[in-house]
J.: 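Would you mind keeping the following structure in view while I ask a few things?
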Protein chains: 2
Amino acid sequence: MKKAKRNSLEARGWRVGSVAEFLVLSAEDAALVETKLALSGALRARREAKKLTQQQLAKLLKSSQSRVAKMEAGDPSVSVDLLLKGLFALGANPREVGRALHHAA
Amino acid sequence: MKKAKRNSLEARGWRVGSVAEFLVLSAEDAALVETKLALSGALRARREAKKLTQQQLAKLLKSSQSRVAKMEAGDPSVSVDLLLKGLFALGANPREVGRALHHAA
DNA sequence: AGAATATATGTCATATTTGACATAGTGTCA
DNA sequence: TGACACTATGTCAAATATGACATATATTCT
């Protein structure tokens, strides 16, 4: 995974810029991004499994549809905390989150 | 786990107050707290395994000793993002974090 | 004991994240 | 086609997290 990953990140708003700049995206940052993407994927999967709209999940979270969209898009403005709150609100537990992280990426 | 857990949380600065108030700590909130505690535990374990002081880890993270102390104490002012940054800076990867969550709590 | 080193706690200005809103895009059905 | 439901994207004031600092409390030496 190299150029494909970079494009995927850029598409999601990480604004990495040149390849050179991408290379300074440290391993730590990459791990954090990977983690966030795994969680946003799990969030969308769970929401869809429950046949909820983003609007409905937003209400559950006392948030807004636009923020839920950003959560699922892995937007950089979304914290891991918020993603976890979303997953837990959908009935996940820490063990399941652990499994999701362990398998993903 | 009931009163013991409440005391443990209060001791860590979650200021839960009365038992009645504790009961309104929803399952979602509890799951998030559990997650944070699992991560702070893992952080301390990794730091100590590497024989680093909080000061040294702070430098690595471009943060401060006091914040590292709060990270390891599971202080409510610390985000999951910051805990993950700490773990990744210590060489953990998302899979290992997943394992830690899956086993803990 | 006391000095040295490590960790904990409280506070605060600054930085980042948040919900909310507007609006644009996408898919579906008549 | 157009109306409808859902999702995506941009912006911003308010809320929350952050690093830094001072200082308190352990812990570990001699």
Side-chain angles (χ1 to χ4, degrees), chain A residues 7-16 25 28-29 32-33 35-37 39-90, chain B residues 7-16 25 28-29 32-33 35-37 39-90:
Chain A
N7 288 336
S8 143
L9 290 174
E10 285 189 348
R12 289 162 186 273
W14 290 90
R15 298 202 296 108
V16 172
L25 222 187
E28 289 91 337
D29 293 340
L32 192 59
V33 171
T35 302
K36 282 186 171 191
L37 292 184
L39 295 178
S40 27
L43 183 71
R44 169 158 286 167
R46 269 200 168 255
R47 176 180 64 81
E48 291 182 340
K50 290 212 166 192
K51 312 265 191 206
L52 294 178
T53 66
Q54 292 182 342
Q55 189 68 253
Q56 291 172 313
L57 175 54
K59 184 165 190 179
L60 210 65
L61 288 172
K62 299 179 198 293
S63 181
S64 59
Q65 178 269 325
S66 60
R67 189 131 299 274
V68 172
K70 279 160 191 154
M71 290 164 77
E72 294 185 350
D75 189 283
S77 83
V78 172
S79 71
V80 172
D81 297 71
L82 191 61
L83 291 169
L84 290 178
K85 282 175 195 166
L87 284 165
F88 294 149
L90 287 175
Chain B
N7 288 338
S8 142
L9 291 173
E10 286 188 348
R12 288 163 188 271
W14 292 89
R15 298 202 300 106
V16 172
L25 222 186
E28 290 91 337
D29 293 340
L32 191 60
V33 171
T35 302
K36 282 186 172 191
L37 292 184
L39 296 178
S40 27
L43 183 71
R44 170 158 287 167
R46 269 199 169 256
R47 176 181 62 82
E48 291 181 340
K50 291 212 164 189
K51 310 263 190 209
L52 295 178
T53 66
Q54 292 183 340
Q55 189 68 251
Q56 292 172 312
L57 175 53
K59 183 163 192 178
L60 210 64
L61 288 172
K62 300 179 197 291
S63 180
S64 60
Q65 178 269 324
S66 60
R67 188 133 299 273
V68 172
K70 279 160 190 150
M71 290 165 78
E72 294 186 350
D75 189 282
S77 84
V78 172
S79 72
V80 172
D81 297 71
L82 191 61
L83 291 169
L84 290 178
K85 282 175 195 167
L87 283 165
F88 296 147
L90 287 175

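Convention: sequence-line order gives letters A, B, ...; per-chain numbering from 1.
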J.: I need the residues from residues 50-68 of chain A with at least one non-hydrogen atom less than 4.0 Å from DNA chain C; give them sorted by number, or say none.
T.: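 Those residues whose heavy atoms fall under 4.0 Å from DNA chain C, taken from residues 50-68 of chain A in numerical order, are A:K62, A:S63, A:S64, A:S66, A:R67.
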J.: Among D:dA20, C:dA8, D:dT18, which nucleotide sits nearest the side chain of B:K70?
T.: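 When the side chain of B:K70 is considered, D:dA20 is the closest of D:dA20, C:dA8, D:dT18.
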J.: Using atom CG of B:L43 as one end and atom P of C:dT7 as the other, report the distance to the nearest whole Å.
T.: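 So the CG-P distance, B:L43 to C:dT7, works out to 12 Å.
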J.: Is the backbone of B:V80 close enough, under 3.5 Å, to the side chain of A:D81 for a donor and an acceptor to pair up by distance?
T.: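 The answer is yes, because a donor-acceptor pair under 3.5 Å joins these two groups.
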J.: To the nearest angstrom, how far is B:D75 atom CG from C:dT11 atom P?
T.: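 It is 12 Å, rounded to the nearest whole Å.
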J.: Using atom CG of B:L32 as one end and atom P of D:dT16 as the other, report the distance to the nearest whole Å.
T.: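 The distance from CG of B:L32 to P of D:dT16 comes to 14 Å, rounded to the nearest Å.
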J.: By nearest heavy atom, map A:R47 and B:V78 onto DNA chain D; which one lands nearer the 5' end?
T.: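 Checking each residue's closest nucleotide, the 5'-ward one belongs to A:R47.
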J.: Roughly, in whole Å, what's the span from CG in B:L82 to P in D:dT16?
T.: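 So the CG-P distance, B:L82 to D:dT16, works out to 18 Å.
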J.: Toward the 5' end of DNA chain C, which comes first, A:K85 or B:E48, by nearest nucleotide?
T.: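 With A:K85 and B:E48 compared, the 5'-side residue is B:E48.
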J.: Quick check: does any side chain N or O of A:K36 sit under 3.5 Å from a backbone N or O of A:V78, one acting as donor and the other as acceptor?
T.: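 Pair found, side chain donor or acceptor close to backbone of A:V78.
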J.: Roughly how far apart are B:L60 CG and B:K85 NZ, rounded to 0.5 Å?
T.: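 Reported to 0.5 Å precision, the distance equals 14.0 Å.
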J.: Let me know the distance between CD of B:E72 and C1' of D:dA26, rounded to the nearest Å.
T.: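 Rounded to whole Å, this separation is 15 Å.
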J.: Pairing donors with acceptors under 3.5 angstrom, does anything connect the side chains of A:Q65 and A:Q55?
T.: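 No pair is found: no donor N or O on one side chain lies under 3.5 Å from an acceptor on the other.
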J.: Give me each pair satisfying salt bridge (Lys or Arg N to Asp or Glu O under 4.0 Å) with a member in residues 40-49 of chain A, each pair once, sequence neighbours excluded.
T.: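 Applying salt bridge (Lys or Arg N to Asp or Glu O under 4.0 Å) to every pair that reaches into residues 40-49 of chain A, excluding sequence neighbours, yields A:R44-A:E72, A:R46-A:E96, A:R47-A:E72.
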J.: Under the side-chain contact (heavy atoms from CB on, under 4.5 Å) rule, collect the residues that match up with A:K50, sequence neighbours excluded.
T.: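 Partners of A:K50 under the side-chain contact (heavy atoms from CB on, under 4.5 Å) test: A:L52, A:L90.
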